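Following: one structure in structure tokens, then a few remarks.
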Amino acid sequence: LDFEAYDSMSVQFSRGCPFQCEFCDIIVLYGRKPRTKTPAQLLKELDYLYELGWRRGVFMVDDNFIGNKRNVKLLLKELKVWQEEHQYPFRFNTEASVDLAADPELMEMMVDCYFDAVFLGIETPDEESLQLTKKFQNTRSSLTETVEKIIKAGLRPMAGFIIGFDGEKKGAADRIINFVEEAAIPTALFGMLQALPNTALWTRLEKEGRLRLTGKQDINQSTLMNFVPTRPIEDIATEYIEAFWTLYDPEVFLDRTYRCFLKLGAPKAKPAFKLPRRADLYALAVIIWRQGFKRSTRWKFWQNLFGILRHNPANAEHYITVCAHNEHFLEYRQIVRDEITAQLAEFQRQEALMAEKTAIAA
């Protein structure tokens with residue numbers, strides 16, 4: 001691999017998740033009893049990355065890093081020692097369930113090991129939808145307060161959201177936008193609900209005759225739903241497009257990121273100084289030029305940056321990195337709008353043809 005072309009490497013500590021979310025295929029593929037490597041196995045992988053010269057991010061790609069809390073705490077105890085001995089060469093990110101916020105000791109251990117961000121499967125602020133899809137772990141306490149605890153502990157939240165649950169009321173996308181803004185989650189990954197093979201959702205929809213398996217089936221953020229929802233697909237798709245567009249409006253994103261970083265707990269790790277790469281310096285120049293001079297965000301960019309330097313300087317580098325993320329989303333939101341609009345038009349054309357054939361046959 002050309003390490004200069006990569007932002008992070010990936011390692012895996014566990015498989016499986018103890019929860020029972022209806023739409024999730026992880027429990028189908030890997031089971032509900034999380035299994036882990038030993039700390040020695042994982043550290044051996046980090047040793048090899050270190051020997052190869054890697055000195056940047058490492059993503060723990062576990063579907064729920066804290067699915068087995070006992071074993072993950074055993075890992076973190078040894079990982080902290082390893083990081084100290086090697087002068088913290090790696091920043092870690094991972095994915096975890098929201099009950100992470102209920103374990104302050106675990107969050108502290110993660111921050112001690114130089115974890116600085118965590119992906120949370122929030123899905124929706126609508127409790128009825130969470131109950132329906134059996135994501136009960138998200139209904140036990142206030143989701144806004146949960147996210148705030150994680151931020152204050154020193155972990156930047158990334159979060160996944162879904163629109164299109166059965167029984168969902170109009171305006172679901174607006175409720176997601178309001179939640180993301182209130183909770184100050186910089187990166188909100190947003191998609192329309194998809195039925196994945198062999199999940200409980202797939203089985204239920206198949207019995208109800210609601211699966212729609214024609215056309216595009218790569219199932220990503222630019223794909224229409226692959227089943228018949230309980231409200232018009234046109235409403236869901238329109239809400240989705242506008243929400244994605246709004247979430248990554250340049251000024252909205254900068255404001256939300258700034259509010260998150262004002263609260264973000266300072267890192268505890270003390271990594272060794274290293275000279276920035278040419279790629280990093282180039283990226284920094286691009287961000288400063290586009291967001292600090294070229295766009296209408298220029299005043300907000302500088303005001304917020306100086307605010308972070310004043311109120312949370314230990315997280316300034318992290319802050320600029322997250323500001324850079326919107327360069328991707330600004331381009332990607334246009335792709336989402338174009339592709340979903342095209343698929344919706346084709347869907348409506350096919351529906352009109354079917355209606356015409358039915359009328360002729362009658």
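Everything numeric in this text was worked out from a predicted model, so none of it was measured.
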Fill in: Glu45 with Lys37: basic N within carboxylate O range, under 4.0 Å
yes
Worksheet item: With distance as the sole criterion, is a donor-acceptor pair present between the side chains of Asn93 and Asp116 under 3.5 Å?
Response: yes
Worksheet item: Is Glu181 salt-bridged to Arg259, cutoff N-O under 4.0 Å?
Response: yes
Practice prompt. Report the relative orientation of the aromatic rings in Phe92 and Phe90; use parallel for angles under 30°, tilted for 30 to 60°, perpendicular for over 60°.
Written response: perpendicular
Item to complete: Rounded to the nearest 0.5 Å, what's the gap from CD on Glu148 to CD on Glu182? Could you check?
Response: 9.5 Å
Discussion item. Are more than 12 heavy atoms, taken from residues, nucleotides or ligands other than Gln20, located less than 6.0 Å from that residue's CD atom?
Written reply: yes
Worksheet item: Going through the checks in order, is the salt bridge (Lys or Arg N to Asp or Glu O under 4.0 Å) test met by Lys73 and Asp103?
Response: CA-CA 11 Å; Lys73 286 181 178 180; Asp103 195 331; 3.1 Å; yes
Fill in: Lys268 with Glu108: basic N within carboxylate O range, under 4.0 Å
yes
Worksheet item: What are the two closest non-hydrogen atoms of Ser222 and Ile340, and how far apart are they?
Response: C-CD1, 3.5 Å
Fill in: Exceeds 12 heavy-atom contacts within 6.0 angstrom, atom OH of Tyr282
no
Discussion item. If the threshold is 4.0 Å, N to carboxylate O, is there a salt bridge linking Asp126 and Arg175?
Written reply: yes
Worksheet entry | Whether over 12 other heavy atoms sit under 6.0 Å from Tyr6 OH | no
Worksheet item: Measuring from Thr94:OG1 to Asp62:CG, what's the distance to the nearest 0.5 Å?
Response: 5.0 Å
Discussion item. I'd like to know whether CD of Glu4 has more than 12 heavy-atom contacts from other residues, nucleotides or ligands below 6.0 angstrom.
Written reply: yes
Worksheet item: Would a distance-only check, ignoring hydrogens and angles, find a side-chain to backbone donor-acceptor pair under 3.5 Å from Gln137 to Ser97?
Response: no
Worksheet item: Considering all heavy atoms of both residues, which atom of Ile66 and which atom of Lys69 are nearest to each other, and what is their separation?
Response: O-CG, 3.3 Å
Discussion item. Given 3.5 Å as the limit, does a donor-acceptor pair link the side chain of Asn138 with the main chain of Ile122, or not?
Written reply: yes
Item to complete: Kindly compute the distance separating CZ (Phe23) from CG (Leu132), expressed to the nearest 0.5 Å.
Response: 11.0 Å
Worksheet entry | Flag, side chain of Glu242 to backbone of Glu239, donor-acceptor distance under 3.5 Å | no
Worksheet item: So with a 6.0 Å cut-off around NZ of Lys152, is the heavy-atom count from everything else above 12?
Response: no
Worksheet entry | Euclidean distance, Lys135 NZ relative to Glu127 CD, rounded to 0.5 Å | 14.0 Å
Discussion item. I'd like to know if the side chain of Arg32 and the backbone of Pro18 have a donor-acceptor N/O pair within less than 3.5 Å.
Written reply: yes
Discussion item. Please confirm whether the ring centroid of Trp302 lies under 6.0 Å from the ring centroid of Phe293.
Written reply: yes
Worksheet item: Taking 4.0 angstrom as the limit, do Arg231 and Asp166 come out as a salt bridge?
Response: no
Discussion item. Just checking Gln87: does its CD atom have more than 12 heavy atoms from other residues, nucleotides or ligands closer to it than 6.0 angstrom?
Written reply: no
Worksheet item: Is there a donor-acceptor pair closer than 3.5 Å between any side-chain N or O of Asn312 and the backbone N or O of Ile308?
Response: no
Worksheet item: Has the side chain of Glu168 got a donor or acceptor atom that lies under 3.5 Å from a matching backbone atom of Gly164?
Response: yes
Worksheet item: Angle class for the Phe329/Tyr332 ring planes (parallel below 30°, perpendicular above 60°, tilted otherwise)?
Response: perpendicular
Practice prompt. Kindly say whether Leu196 contributes a backbone atom to a donor-acceptor pair with the side chain of Thr199 at under 3.5 angstrom?
Written response: yes
Worksheet item: Between Arg295 and Glu327, is the closest basic N to carboxylate O distance under 4.0 Å?
Response: yes
Worksheet entry | Side-chain donor-acceptor pair present, Thr36, Asn68, cut-off under 3.5 Å | no
Worksheet entry | Salt-bridge contact Asp255-Lys300 (side-chain N to carboxylate O under 4.0 Å) | yes
Fill in: Ring-face cation of Arg56 near Trp54 (centre distance under 6.0 Å, axis angle within 45°)
yes
Worksheet item: Has the side chain of Thr139 got a donor or acceptor atom that lies under 3.5 Å from a matching backbone atom of Phe136?
Response: yes
Worksheet, complete the sentence: Rounding to 0.5 Å, atoms CZ (Phe261) and CZ (Arg256) come to a distance of 12.5 Å
Worksheet item: Out of curiosity, Arg210 CZ to Thr230 OG1, how far, rounded to the nearest 0.5 Å?
Response: 6.0 Å
Worksheet item: Any side-chain heavy-atom pair from Asp25 and Trp202 closer than 4.5 angstrom?
Response: no
Worksheet item: With no hydrogens and no angle check, do the side chains of Gln334 and Asp338 hold a donor and an acceptor under 3.5 Å apart?
Response: yes
Worksheet item: Looking only at heavy atoms, which two atoms of Tyr248 and Leu330 are closest? And how far apart?
Response: O-CD2, 3.3 Å
Worksheet, complete the sentence: Note: Ile236 and Pro229 closest approach over all heavy atoms is CD1-CB, 3.7 Å
Practice prompt. Let me see the working for Ile360 and Lys357 under side-chain contact (heavy atoms from CB on, under 4.5 Å), right down to the final yes or no.
Written response: CA-CA 5 Å; Ile360 292 171; Lys357 287 180 182 178; 5.7 Å; no
Worksheet item: Salt bridge check: are Glu145 and Lys149 linked by an N-O gap of less than 4.0 Å?
Response: no
Discussion item. Applying salt bridge (Lys or Arg N to Asp or Glu O under 4.0 Å) to Asp47 and Lys44, what does each step give before you reach the verdict?
Written reply: CA-CA 5 Å; Asp47 280 334; Lys44 189 173 181 180; over 6 Å; no
Discussion item. Using a 3.5 Å distance criterion without hydrogens, assess whether the side chain of Gln12 forms a donor-acceptor pair with backbone atoms of Ser14.
Written reply: yes
Discussion item. Run Arg91 and Tyr114 through side chain to side chain donor-acceptor pair (under 3.5 Å) and show every step you take.
Written reply: CA-CA 5 Å; Arg91 282 178 180 256; Tyr114 209 8; 3.2 Å; yes
Discussion item. Can you tell me how the ring of Phe244 sits relative to the ring of Phe190, calling it parallel under 30°, perpendicular over 60° and tilted otherwise?
Written reply: parallel
Worksheet item: Tyr319 side chain to Leu309 main-chain N or O, any donor-acceptor pair under 3.5 Å?
Response: no
Worksheet item: Taking the six-membered ring of Phe115 as reference, does the NZ or CZ atom of Arg156 fall below 6.0 Å from its centre and within a 45° cone about the axis?
Response: no
